[in-house]
Amino acid sequence: QVQLVESGGGLVQPGGSLRLSCAASGSRFSFYVISWYRQAPGKQRELVATITSGGSTVYADSVKGRFTISRDSAKNMVYLQMNSLKPEDTAVYYCNLGTSRGSSYWGQGTQVTVSS
């Protein structure tokens, strides 16, 4: 029922910036947690950043100070601003929605490649 669609991935040089978007549709939630995850080939999927319906944010140590998660509730959008990108940031990035009812939804992912 709920659909999440990520966009904004691509190829960037080390030190560059990229903004990922997550568009949510299908249902309306008063309480939720939206997270960005990433998974590189041969690696475990890891949590990158989280934002709650109350606006609280949490970041993985590996991206703290470089990435910023934000939301635009009027557009039903969540963003991940990625600055000072490193090759180790290369991964497929996924948007995840968790609700107060215990439901969890995933987007299809968007590829981010950091390479010179």
Side-chain angles (χ1 to χ4, degrees):
Q1 186 176 357
V2 173
Q3 291 186 342
L4 302 176
V5 179
E6 302 96 332
S7 62
L11 174 64
V12 297
Q13 296 183 12
S17 297
L18 205 61
R19 189 178 76 161
L20 305 184
S21 299
C22 175
S25 64
S27 295
R28 203 176 195 129
F29 302 100
S30 297
F31 306 99
Y32 59 83
V33 175
I34 296 181
S35 301
W36 285 97
Y37 288 79
R38 67 185 182 187
Q39 187 167 24
K43 301 286 188 178
Q44 188 176 11
R45 185 174 298 186
E46 64 174 336
L47 177 65
V48 176
T50 292
I51 187 167
T52 71
S53 53
S56 299
T57 58
V58 178
Y59 297 93
D61 288 341
S62 59
V63 307
K64 196 172 299 181
R66 299 188 298 122
F67 290 10
T68 303
I69 188 170
S70 62
R71 66 184 178 188
D72 185 341
S73 57
K75 296 181 178 180
N76 295 315
M77 298 285 289
V78 176
Y79 306 97
L80 184 67
Q81 178 66 46
M82 305 184 294
N83 299 325
S84 302
L85 284 163
K86 306 174 181 179
E88 51 263 44
D89 295 319
T90 296
V92 177
Y93 284 71
Y94 298 91
C95 184
N96 173 268
L97 169 66
T99 74
S100 61
R101 301 177 65 180
S103 299
S104 182
Y105 305 91
W106 292 90
Q108 84 289 344
T110 184
Q111 176 71 48
V112 172
T113 302
V114 185
S115 177
S116 59

So CD of Gln44 and CD of Gln39: to nearest 0.5 Å the spacing works out to 8.5 Å

Apply side chain to side chain contact (heavy atoms under 4.5 Å, CB included) to the pair Thr90 and Gln111, showing each step before the final yes or no. CA-CA 8 Å; Thr90 296; Gln111 176 71 48; 4.0 Å; yes

Could you give me the CA-CA distance, side-chain angles and deciding distance for Ser21 and Lys75, then say whether side chain to side chain contact (heavy atoms under 4.5 Å, CB included) is met? CA-CA 11 Å; Ser21 299; Lys75 296 181 178 180; over 6 Å; no

Decide, yes or no, whether a salt bridge links Lys86 with Asp89 under the criterion of side-chain N to carboxylate O below 4.0 Å. no

Would you please classify the geometry between the Tyr93 ring and the Phe67 ring as parallel, tilted or perpendicular, with 30° and 60° separating the classes? tilted

Between CG of Leu97 and OG of Ser104, what distance do you get to the nearest 0.5 Å? 7.5 Å

Side-chain donor/acceptor of Glu6 to backbone N/O of Thr110, under 3.5 Å: no

Test side chain to side chain contact (heavy atoms under 4.5 Å, CB included) on Tyr94 and Leu4 and set out the steps. CA-CA 9 Å; Tyr94 298 91; Leu4 302 176; over 6 Å; no

Distance, nearest 0.5 Å, that separates OG of Ser115 from CG of Leu85: 12.0 Å

Can you check side chain to side chain contact (heavy atoms under 4.5 Å, CB included) on Met82 and Val12, steps first, answer last? CA-CA 11 Å; Met82 305 184 294; Val12 297; over 6 Å; no

Pair Asn76, Ser25 - check side chain to side chain donor-acceptor pair (under 3.5 Å), show working. CA-CA 7 Å; Asn76 295 315; Ser25 64; over 6 Å; no

Shared hydrophobic cluster for Ile34 and Tyr105 (ILVMFWY, side-chain gaps under 4.5 Å): yes

Side-chain donor/acceptor of Asn96 to backbone N/O of Trp36, under 3.5 Å: no

Pick out which of Ile51, Ile69, Val48 makes a side chain to side chain contact (heavy atoms under 4.5 Å, CB included) with Tyr59. Ile69

